[in-house]
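Note sheet for the following structure.
Side-chain atoms are counted along with the backbone in the values below, which use heavy atoms only and exclude waters and symmetry mates.
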Amino acid sequence: MQTAPEPLNVISTQGSTLHLADGTQLIDGIASWWTACHGYQHPHILQAIQQQLSTLSHVMMGGLMHPQASRLAQRLIDLMPGSLNHVVYSESGSVAVEIALKIALQYWQLQGEPQRQHFISLKNAYHGDTLFTMSLCDPDTGMHRLLQPCLPQHYCIPMPETPEQLSALKVWLHQHAHTIAGIVIEPLVQGAAGMQMQSPEQLKALCTLCRQYNLLIIMDEIFTGFYRTGTLLACDQAAIIPDLLCLSKALTGGTLPLAVTIASTDLYQAFLSDDPHKALMHGTTFTGNALACAAANASLDLFERGIGTRSYSTQVQHIETHFLKTFMPLASLPNVKAVRIKGAIAAIELLSMRADELQALQQRCREDNIWIRPIGHVFYTTPALTIEDTLLDQITSTMIKHIIPYASKSNDLNHPISSHQRTRHQTLGVHP
Ligand SMILES: *Cc1c(COP(=O)(O)O)cnc(C)c1O
């Protein structure tokens, strides 16, 4: 039986460093699931939380409001494309996706098309750990496989990559679109799946087709939001304006739990009615927590200020250039399936690795004071966007040093072909 290694005991964090109870300092290659985008303990965010703490920590959002929540909502709206003008708060990414799905289902009820009850998600998708979001995760490769029989059934499709696949999807939509409420997408990068990537062109083509069949477009930018892929939102790169958008992870700079679902004016207006039963019923207890909203406002200040003389998008480009230069040479090694790089995300997927080898590789990086945590056969880094060059260099050089012995193993099961040829072959198949 394989058990997970004992968790490391972290007693404090600073910048891109984790300080362990035994005195060790680890450079964090993951930024706590990419939340700590400005580095840990950023003084501006800490000060905002402390100041808020001294005046108002939390009030219920039923019939009450506070300045941090209204200011944050307005600032987010100002940053969003198109008419994404209405913000619903929640406490976690999973719940933000739940709210988006709930709005979509209720919208179709209100529009007199109650049979639109299903969603399309993409192969390898991850949208959260609550029951409904689990039903949108990939039923075969996702982490919630065991619970599949208990979940509502949706359609999990591969990203169409060729004109033929797009036409096949069109034929399928022609028959089924009237039962489908919307499509849920992690734009450009599917994080939890091991940094699987799509091109902006593929994304654009898929959304354009879905629009033709009136599907609502729901962008789950919980991973990609706030410059992780180089732009504020990943869907900006495909010039897509979704109907619903979810943000969380980096929203408070990795300090406090908070998420938002942002809806278009068209959707909002469909809910306006004198009948109270037609309102959106969602108001969990800690919705719009004031400390979390203060942290998020402070985080937005930092994005506005930039890092020294650089904007965040320039800084992410700088990180991307470093990743391309250092990691790309690994792509030609025999046991490497693919090297995927986008913005401040780099992933090296190995072809064959035993479980003990995966653990050993992580352990060797840790002995060199680098904290990484693979997803399956994928070794990745998503550092703080503010990481200093010397620390970034230590992360990449340490990863490369320890990956090379495994990456160089010739692999009898797989013919040594170039990594480009080895990308997944996808055919259009629809689940269930
Ligand atoms: C992390 C994540 C979620 C879930 O967010 P939680 O805050 O963990 O509930 C949903 N979608 C994507 C793309 C994520 O990366």
Side-chain angles (χ1 to χ4, degrees), residues 34-38 42 44-45 48-49 52 58-59 61 65-100 102-104 185-187 216-237 239-269 271 280 282-284 286-306 311-313 316 385:
W34 42 92
T35 56
C37 53
H38 313 287
H42 195 290
H44 183 66
I45 301 182
I49 297 171
Q52 189 60 37
H58 183 72
V59 287
M61 280 256 170
M65 181 44 79
H66 58 78
Q68 292 290 359
S70 38
R71 178 156 182 260
L72 178 60
Q74 188 56 53
R75 292 176 82 182
L76 288 171
I77 289 166
D78 291 345
L79 290 170
M80 291 299 119
S83 68
L84 286 167
N85 283 336
H86 299 274
V87 174
V88 183
Y89 285 112
S90 54
E91 310 81 18
S92 79
S94 303
V95 177
V97 178
E98 289 276 337
I99 293 171
K102 204 162 143 178
I103 292 174
I185 303 173
E186 294 157 89
L216 294 177
I217 294 179
I218 303 169
M219 287 294 174
D220 177 351
E221 293 244 15
I222 293 167
F223 169 46
T224 50
F226 299 108
Y227 298 97
R228 184 53 63 181
T229 68
T231 42
L232 175 69
L233 302 175
C235 64
D236 290 341
Q237 293 179 42
I240 293 161
I241 302 174
D243 301 290
L244 288 155
L245 183 121
C246 303
L247 293 167
S248 183
K249 294 253 164 62
L251 178 59
T252 63
T255 54
L256 288 160
L258 186 70
V260 289
T261 308
I262 309 181
S264 71
T265 301
D266 280 354
L267 285 185
Y268 174 77
Q269 279 171 350
F271 283 73
L280 176 70
H282 200 102
T284 45
F286 279 98
T287 277
N289 175 262
L291 297 176
C293 288
N297 273 312
S299 174
L300 291 186
D301 295 341
L302 296 176
F303 285 123
E304 277 170 19
R305 275 185 212 169
S311 68
Y312 272 74
S313 47
V316 170
L385 306 180

* Anything under 30° is parallel, anything over 60° is perpendicular, the rest tilted; go ahead and classify Tyr312 against Tyr227. => tilted
* State the SG-CZ distance between Cys37 and Arg228, to the nearest 0.5 angstrom. => 7.5 Å
* Test item: side-chain donor near acceptor, Asn297 and Gln68, under 3.5 Å -> yes
* side chain to side chain contact (heavy atoms under 4.5 Å, CB included) assessment of Leu251 paired with Ser299 -> CA-CA 7 Å; Leu251 178 59; Ser299 174; over 6 Å; no
* Structure fact -> Looking only at heavy atoms, the pair that brings Ala296 and Leu258 closest together is CB-CD2, 4.0 Å
* Asked: Can you tell me how far the CG atom of Leu79 sits from the CD atom of Gln74, to the nearest 0.5 Å?
  -> 10.0 Å
* To do: Starting from the C-alpha separation in whole Å, work towards a yes-or-no answer on side chain to side chain contact (heavy atoms under 4.5 Å, CB included) for Phe303 and Leu232.
  => CA-CA 9 Å; Phe303 285 123; Leu232 175 69; 5.8 Å; no
* Heavy-atom closest contact (Gly288 atom, Tyr89 atom, distance) -> N-CB, 3.5 Å
* **Test salt bridge (charged side-chain N to carboxylate O under 4.0 Å, His left out) applied to Arg75 - qualifying residues, sequence neighbours left out** => Asp301, Glu304
* Asked: Taking all non-hydrogen atoms of both residues, which atom of Ile262 and which atom of Leu76 are closest, and how far apart?
  -> CD1-CB, 4.4 Å
* Asked: In Å and rounded to the nearest 0.5 Å, what is the SG to CD1 distance from Cys293 to Ile49?
  -> 11.5 Å
* To the nearest 0.5 Å, tell me how far Leu247 CG sits from Leu233 CG. => 6.5 Å
* Asked: How close do Ala96 and Cys246 get, heavy atom to heavy atom, and via which atoms?
  -> O-SG, 3.5 Å
* First locate atom CG of Leu302, then atom CG of Leu385, and finally report the distance between them rounded to the nearest 0.5 Å. => 11.0 Å
* Please answer whether the main-chain N or O of His66 pairs with a side-chain N or O of Ser70 as donor and acceptor at a distance below 3.5 Å. => yes
* Straight-line distance of Ser83 OG to Asp243 CG, nearest 0.5 Å -> 8.5 Å
* To do: Identify the two heavy atoms, one from Ala295 and one from Thr255, that lie closest to each other, and give their separation to 0.1 Å.
  => CB-OG1, 3.4 Å
* Pairwise side-chain contact, His38 with His44, heavy-atom cut-off 4.5 Å (strictly under) -> no
* To do: Check step by step if side chain to side chain contact (heavy atoms under 4.5 Å, CB included) holds for His86 and Leu267.
  => CA-CA 9 Å; His86 299 274; Leu267 285 185; over 6 Å; no
* Asked: Does Phe271 CZ have over 12 foreign heavy atoms under 6.0 Å away?
  -> yes
* Leu84 to Leu244 - nearest heavy-atom pair and separation -> CD2-N, 4.3 Å
Please output the side-chain donor-acceptor pairs of residues 216-226 that fall under 3.5 Å, not counting sequence neighbours, one pair per line with the distance.
| residue | atom | partner | partner atom | Å |
| --- | --- | --- | --- | --- |
| Asp220 | OD1 | Ile222 | N | 3.1 |
| Asp220 | OD2 | His127 | ND1 | 2.8 |
| Glu221 | OE1 | Thr224 | OG1 | 2.8 |
| Glu221 | OE1 | Ala234 | N | 2.8 |
| Glu221 | OE2 | Ala234 | N | 3.2 |
| Glu221 | OE2 | Cys235 | N | 2.8 |

* Test log, rule side chain to side chain contact (heavy atoms under 4.5 Å, CB included), inputs Thr229 and Asp236 -> CA-CA 10 Å; Thr229 68; Asp236 290 341; over 6 Å; no
